[in-house]
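I have placed the structure first, in the form of structure tokens, so that the comments after it can refer back to it.
Chain A is the first sequence line, chain B the second, and so forth, proteins listed ahead of strands; every chain is numbered from 1. Below, all heavy atoms of this structure are taken into account, side chains as well, without hydrogens, waters or symmetry copies.
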There are 2 protein chains.
Amino acid sequence: MVKSEAPRRGRRRGPSTTRDAILAAARRQFAELGYDRATVRGIAAEAGCDPKLVGHWFGSKQELFLQVVELPIRPAAAFADLRSAGDPATLADRLAVFVVSQMESEAVRSRLVPLIRAAATEPAAAPLLRDLLVREILGPVAAQLGGDTPELRASLLASQMVGLVMARYVIAVEPLASAPPETVAAAIASVLRHYLDDRLG
Amino acid sequence: MVKSEAPRRGRRRGPSTTRDAILAAARRQFAELGYDRATVRGIAAEAGCDPKLVGHWFGSKQELFLQVVELPIRPAAAFADLRSAGDPATLADRLAVFVVSQMESEAVRSRLVPLIRAAATEPAAAPLLRDLLVREILGPVAAQLGGDTPELRASLLASQMVGLVMARYVIAVEPLASAPPETVAAAIASVLRHYLDDRLG
DNA sequence: GGGATATATCCACACACGTGGAAATCTACG
DNA sequence: CGTAGATTTCCACGTGTGTGGATATATCCC
């Protein structure tokens with residue numbers, strides 16, 4: 001009659017790793033389920049702790065979500081680097097490769113996908129994504145574009161980015177979802193070039 | 001002491017328009033709120049009836065949703081018409097104008113937006129949208145494309161369409177959201193041409 | 001007129017959600 | 001050792017959800 005391993009009542013032994021466990025579980029569940037269908041209880045279960053701990057460490061579900069979608073890169077700086085790092089004529093190609101490879105990385109995807117899903121779902125999250133897009137990406141990019149209607153170009157560029165994330169990772173349209181990253185990058189490079197350089201229309 | 005207009009208990013006088021009222025309210029709320037946050041009770045309230053009537057007329061919330069997102073056009077047929085109606089060299093331009101003008105029509109937008117929002121939210125809806133995309137659009141289009149990797153071309157095309165809906169109507173990225181339809185159509189025409197005709201990569 | 005049927009309301013159940021309060025157990029430090 | 005604080009669990013409340021059951025009123029057809 002081995003005594004069952006029922007969790008005892010108070011603090012656990014040793015240093016606490018629960019906060020990180022919650023963050024990881026939340027990241028996974030927000031990405032897979034979206035904001036609404038991911039529940040505090042479910043996240044706590046995956047993290048192996050009591051739901052109340054989520055509140056303890058992060059205050060509320062909303063604040064946890066904000067922590068989750070904080071991007072690990074600075075897109076504006078990345079674009080500036082990319083721009084000054086090579087021949088301007090090949091900027092679109094390098095941008096395409098960069099964007100696709102970033103999306104392939106778990107660290108970026110697990111933040112971008114929840115953000116976009118939430119923007120599609122939460123009325124309150126759409127402004128959040130819009131602001132992030134404008135402040136972090138469209139604004140700086142538009143500022144460096146020059147020429148005519150740089151803001152329109154930047155937002156068209158964003159539309160192809162968002163569509164790529166949706167089609168490839170969220171909806172999983174085949175064969176786009178399974179295409180190797182290089183193929184995708186090659187295919188969208190011309191589109192990026194068009195939005196960056198060509199006369200629109 | 002005028003008697004209050006509290007709804008009486010049983011059937012109302014005259015012919016019933018409730019079913020249509022529910023459908024209209026559902027369309028509006030699914031588009032604005034998404035599947036999860038739109039509630040049967042809320043839809044019933046907007047339609048001016050009891051929540052139970054939703055169940056009575058449509059069975060369940062899911063079945064109501066399926067009715068709501070039923071597209072009023074046959075994209076495959078429309079594409080075929082478009083293809084055979086003019087100079088193949090200008091197909092991309094005509095397609096761009098057609099797509100954008102369709103999205104501008106309330107009848108199409110009030111179905112497409114909920115569908116895409118739901119695909120971003122409901123695990124069960126993503127396959128649904130994927131199937132609809134593949135069966136109604138990608139498949140027929142790919143079949144008429146010929147050349148190399150027609151399916152990949154079709155799904156890339158879809159990615160730009162979905163991204164356009166997201167950026168312009170759901171997230172409302174400026175200035176794309178406020179740009180006149182002709183401007184948008186002109187801007188994406190080259191992209192469509194690229195995905196339709198060019199060698200990818 | 002009078003029964004079948006369609007249309008409508010009310011009540012309520014079972015469930016899941018986020019979170020607040022109180023108590024238990026551990027660690028840190030005097 | 002002993003007390004303060006950090007970490008964790010349990011209990012439970014209030015709210016909102018989709019939907020089932022019973023019932024009321026209007027319409028349709030004989």
Handout entry: Thr18(A) vs dT8(D): side-chain N/O to OP1/OP2 distance below 4.0 Å
Key = yes
Starting at [atom1] of [X] and ending at [atom2] of [N], how long is that distance when rounded to a whole Å?
| X | N | atom1 | atom2 | value |
| --- | --- | --- | --- | --- |
| Arg37(A) | dG16(D) | CZ | C1' | 15 Å |
| Leu64(A) | dC17(C) | CG | P | 15 Å |
| Asp36(B) | dG18(D) | CG | C1' | 12 Å |
| Ile22(A) | dT7(D) | CD1 | P | 11 Å |
| Ile43(A) | dC17(C) | CD1 | P | 11 Å |
| His56(B) | dA22(D) | NE2 | C1' | 15 Å |
| Gln62(A) | dT19(C) | CD | C1' | 14 Å |
| Leu53(B) | dG18(D) | CG | P | 15 Å |

Practice task
Classify the side chain of Arg41(B) versus the base of dG18(D) as yes if they form a donor-acceptor pair under 3.5 Å and no if they do not.
Solution key: yes
Practice task
Starting at the 5' end of nucleotides 20-30 of chain C, put B wherever the base has a protein heavy atom under 4.0 Å, S where only the sugar-phosphate does, and a dash everywhere else.
Solution key: BB--BBBS---
Practice task
Please figure out whether Gly48(A) or Pro51(B) has its closest DNA chain D nucleotide nearer the 5' end.
Solution key: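 It is Gly48(A), whose closest nucleotide lies nearer the 5' terminus.
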Between [X] and [Y], a side-chain donor and acceptor under 3.5 Å:
| X | Y | result |
| --- | --- | --- |
| Tyr169(A) | Glu104(A) | yes |
| Glu151(B) | Ser155(B) | no |
| Glu63(A) | Ser60(A) | yes |

Handout entry: Pairwise side-chain contact, Arg117(A) with Tyr35(A), heavy-atom cut-off 4.5 Å (strictly under)
Key =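 Of all side-chain heavy-atom pairs linking Tyr35(A) with Arg117(A), none is under 4.5 Å.
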Handout entry: Within-4.5 Å side-chain heavy-atom neighbours: Lys61(A) and Phe65(A)
Key =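 Lys61(A) vs Phe65(A): side chains apart.
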Problem - Residue pairs, two or more places apart or on separate chains, that pass ring-ring contact (aromatic ring centres under 6.0 Å, His included) and touch residues 176-201 of chain A - result: none
Handout entry: Under-4.0 Å salt bridge between Asp198(A) and Arg193(A)
Key =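 Answer for the salt bridge query: no.
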Exercise for the section: Among the candidates dT19(C), dT7(C), dT7(D), find the nucleotide nearest to the side-chain atoms of Trp57(B). Expected result: dT7(C)
